[in-house]
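One-based numbering along the sequence shown. Every heavy atom of this structure was used, including side-chain atoms; hydrogens, water molecules and symmetry mates were not.
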Amino acid sequence: MYIAMQCADSNGTLNTEICTFYGIRYDTRYRSAVISTEHLNHDYVVPMDPKDYESAANQIMEAMKSHANMIKIEKGIVCRGRKGESRHVNPQTLTIVPI
């Protein structure tokens with residue numbers, strides 16, 4: 001499965017990225033979701049509240065049930081940075097749709 005998302009780099013520039021989607025997990029320490037892709041040298045991080053993470057995870061599971069080849073984050077910004085790099089941005093609420 002692939003994921004399409006709007007990503008903000010360290011300068012705040014937004015770009016659409018399409019990656020192989022491997023999974024998502026929630027980091028309670030930093031209150032952020034971490035999206036796993038084929039990129040080994042950087043992270044895709046989404047600051048969010050736990051309830052918003054559960055909603056995003058449920059949306060992804062629904063897309064998987066429908067055998068979608070791609071999911072798209074239509075609402076919300078993903079931060080792209082080097083491994084371990086942190087960002088101070090507002091928590092996001094994601095809207096994820098199957099394509």
Notebook entry, point to check: So with a 6.0 Å cut-off around CG of Asn69, is the heavy-atom count from everything else above 12?
Noted result: no
Note to self: If I compare all heavy atoms of Ile18 with all of Ala4, which pair ends up nearest, and what's the gap?
What the structure shows: CG1-CB, 4.0 Å
Check: If you round to the nearest 0.5 Å, how far is CZ of Phe21 from CE of Met70?
Finding: 12.5 Å
Check: Taking atom OH of Tyr2 as the centre, does the number of heavy atoms from other residues, nucleotides or ligands within less than 6.0 Å exceed 12?
Finding: no
Margin query: Would you compute the distance between atom OG1 of Thr37 and atom CD1 of Ile24 and round it to the nearest 0.5 angstrom?
Written below: 12.0 Å
Note to self: Using modelled atom types and a 3.5 Å cut-off, is there a donor and acceptor pairing between side-chain atoms of Glu17 and backbone atoms of Arg80?
What the structure shows: no
Margin query: Closer than 3.5 angstrom, by distance alone: can the side chain of Tyr53 be matched with the main-chain N or O of Asp27 as a donor-acceptor pair?
Written below: no
Note to self: I want to check something: taking the side chain as every heavy atom from C-beta on, are Ile73 and Val46 in contact at a cut-off of under 4.5 Å?
What the structure shows: no
Notebook entry, point to check: What closest approach, in Å, do Lys72 and Ile99 show between heavy atoms, and which atom pair accounts for it?
Noted result: CB-CD1, 3.5 Å
Item checked: Closest non-hydrogen atom pair between His42 and Gly81, with its separation -> CB-O, 2.7 Å
Margin query: Which heavy atom of Cys19 sits nearest to which heavy atom of Met5, and what is that distance?
Written below: SG-CE, 4.1 Å
Item checked: Donor on one side chain, acceptor on other, Glu62 and Ser66, under 3.5 Å -> no
Checklist line | Gap separating the NZ atom of Lys75 from the CD atom of Gln6, nearest 0.5 angstrom | finding: 14.5 Å
Notebook entry, point to check: Do any N or O atoms from the side chain of Gln92 and from the backbone of Ile77 form a donor-acceptor pair under 3.5 angstrom?
Noted result: yes
Check: Is it true that Val97 and Ile3 fall in one hydrophobic cluster, defined by side-chain heavy atoms closer than 4.5 Å?
Finding: no
Notebook entry, point to check: Is Met64 atom CE crowded by more than 12 heavy atoms from other residues, nucleotides or ligands, each under 6.0 Å away?
Noted result: no
Margin query: Please find the pair of heavy atoms, one from Cys7 and one from Tyr44, that lie closest to each other, and give the distance.
Written below: SG-CE2, 3.6 Å
Next item on the list: Drop me the distance from Met48's CE to Leu94's CG, to the nearest 0.5 angstrom.
Entry: 4.0 Å
Item checked: Closest non-hydrogen atom pair, Asp49 against Arg31 -> OD1-NH2, 2.7 Å
